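For this chain, numbers begin at 1 and follow the sequence in order. Here the structure is a predicted model, which means the values were calculated and not measured.
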Amino acid sequence: MKSDKEQRAGLLYGIGAYGMWGLVPLFWPLLKPSGAMEILAHRMIWSLVIVGIALLALRRWGWIRELVRQPRKLALIAVAASVITVNWGLYIWSVNSGHVVEASLGYFINPLVTIAMGVLLLKERLRPAQWAAVGIGAAAVLVLAIGYGQPPWISLTLAFSFATYGLVKKKVNIGGLESLAAETAVQFLPAMAFLVWLGADGSATFGLHGAGHAALLAATGLVTAVPLVCFGAAAIRVPLSTLGLLQYLAPVFQFLLGILYFHEAMPAERWAGFALVWLALTCLTWDALRTARSNKAAALRLAAEAAASGAGPVTTGPAGAVAARAADGPAS
């Protein structure tokens with residue numbers, strides 16, 4: 001069980017991670033006149049530089065030898081690098097093209113898409129409240145499609161690409177910094193080739209708009225890596241249920257920035273669609289918290305029964321494992 005001090009620190013790390021992800025729409029416009037593809041290429045390259053320095057400082061290189069011996073994991077890393085490239089590139093383009101609100105919707109509906117993928121691909125069983133949330137989410141997409149005159153492709157692509165990324169990362173099962181290093185290593189050569197081509201074509205902006213602009217392009221590595229480090233620090237200190245609630249901070253901040261700072265339009269049909277999405281997420285959150293309490297009560301009961309049976313303090317075995325997991329939050 002984590003101490004109160006550790007949990008408070010973890011909560012601050014989590015707020016920091018999701019807060020930075022939520023405020024990142026303020027950063028991408030600073031990189032103009034660079035286009036979305038050029039920004040994306042710099043993000044890939046400088047992210048590899050930053051995580052490489054971090055891994056060098058931490059002396060964490062053993063995972064590379066283990067990874068290259070596993071072709072299946074390498075293939076999954078390549079898939080993860082591909083889908084996160086789509087996600088990053090579309091998000092940067094969305095923000096710099098005046099679609100911040102629609103981009104925020106993608107991260108609101110991402111938990112619903114993740115659940116739907118679990119049912120379709122992993123044959124997972126849903127509880128009634130989860131089915132209700134997915135149904136309400138589908139209705140929200142329909143309302144928004146009618147309002148837009150077409151499906152909200154930006155939101156759906158962001159949600160599905162990030163959900164796919166999460167699914168692949170679960171299969172790969174390596175640390176956050178290590179995973180980002182492997183993915184950006186896959187992205188590095190195509191990104192560098194693209195920047196070389198831009199330079200040869202005379203379209204590159206790096207170095208042509210002053211040292212400040214060049215520094216901002218290089219800072220894309222920090223913008224990528226720092227929230228990830230904070231998230232990793234939060235994940236080992238706070239319950240998963242807390243992280244599940246904190247994840248909504250990012251799209252809330254993005255949504256508010258889209259309306260209040262970028263002054264994007266919010267017609268009635270868009271408000272209706274967002275209201276349905278928020279209702280679906282309320283159902284999902286209520287179900288997750290209710291299940292967390294139930295799991296914790298069951299784990300404590302099992303531990304108490306095991307202790308009463310004469311087994312002594314329960315530190316190992318199924319009951320002890322369940323109790324330990326329950327104390328740190330559910331893994332649902």
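- Partners of Lys73 under the salt bridge (Lys or Arg N to Asp or Glu O under 4.0 Å) rule, at least two apart in sequence or in another chain, do not exist in this structure.
- Trp286 carries Arg290 over the face of its six-membered ring, with the cationic atom under 6.0 Å from the centre and within 45° of the normal.
- Annotation: the span from Leu48 atom CG to Glu183 atom CD amounts to 11.0 Å, rounded to 0.5 Å.
- The shortest distance between side-chain heavy atoms of Thr220 and Ser47 does not fall below 4.5 Å.
- With sequence neighbours excluded, no residue forms a salt bridge (Lys or Arg N to Asp or Glu O under 4.0 Å) with Glu102.
- With 3.5 Å as the limit, one finds a donor-acceptor pair spanning the side chains of Ser34 and His213.
- Put simply, the side chain of Trp278 reaches to within 4.5 Å of the side chain of Phe255, judged on heavy atoms.
- Contact annotation: the side chain of Leu198 never approaches that of Phe206 to less than 4.5 Å [non-hydrogen atoms, C-beta and beyond].
- Side chains of Val141 and Pro152 form a contact here, defined as non-hydrogen atoms less than 4.5 Å apart.
- Within the 4.5 Å cutoff, the side chain of Ser179 has no heavy atoms near those of the Val172 side chain.
- Arg237 is not listed as a side-chain neighbour of Gln7, based on a closest heavy-atom distance of 4.5 Å or more.
- Here the CG-CD1 distance, from Leu156 to Ile109, works out to 5.0 Å after rounding to the nearest 0.5 Å.
- Using a 4.5 Å heavy-atom cutoff, the side chains of Met266 and Phe274 are in contact.
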Would you sort out whether Leu74 and Val186 count as a side-chain contact (heavy atoms from CB on, under 4.5 Å), showing the intermediate values?
-> CA-CA 10 Å; Leu74 285 173; Val186 171; over 6 Å; no
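- With hydrogens and angles disregarded, a donor-acceptor distance shorter than 3.5 Å links the side chain of Glu264 to the backbone of Val100.
- Here Leu40 contributes atom CG and His42 contributes atom NE2; the two are 10.5 Å apart, rounded to the nearest 0.5 Å.
- Residue Leu31 holds its CG atom at 4.5 Å from CD1 of Ile39, rounded to the nearest 0.5 Å.
- Using bins of under 30°, 30° to 60° and over 60° for the plane-to-plane angle, the ring pair Phe162/Tyr165 lands in the tilted bin.
- In this structure, Phe108 is not a member of the same hydrophobic cluster as Val143, with clusters built from ILVMFWY side-chain heavy atoms closer than 4.5 Å.
- No hydrogens or angles considered: nothing links the side chains of Trp153 and Thr157 as a donor-acceptor pair under 3.5 Å.
- Between the side chain of Thr285 and the backbone N or O of Thr282, no donor-acceptor pair lies under 3.5 Å.
- With hydrogens and angles ignored, the 3.5 Å screen pairs no side-chain donor or acceptor of Glu66 with any backbone N or O of Trp63.
- In this pair, Tyr91 and Tyr107 present their aromatic rings perpendicular. The plane angle is above 60°, beyond the 30 to 60° band.
- Residues passing the salt bridge (Lys or Arg N to Asp or Glu O under 4.0 Å) test with Arg8: none are found, sequence neighbours excluded.
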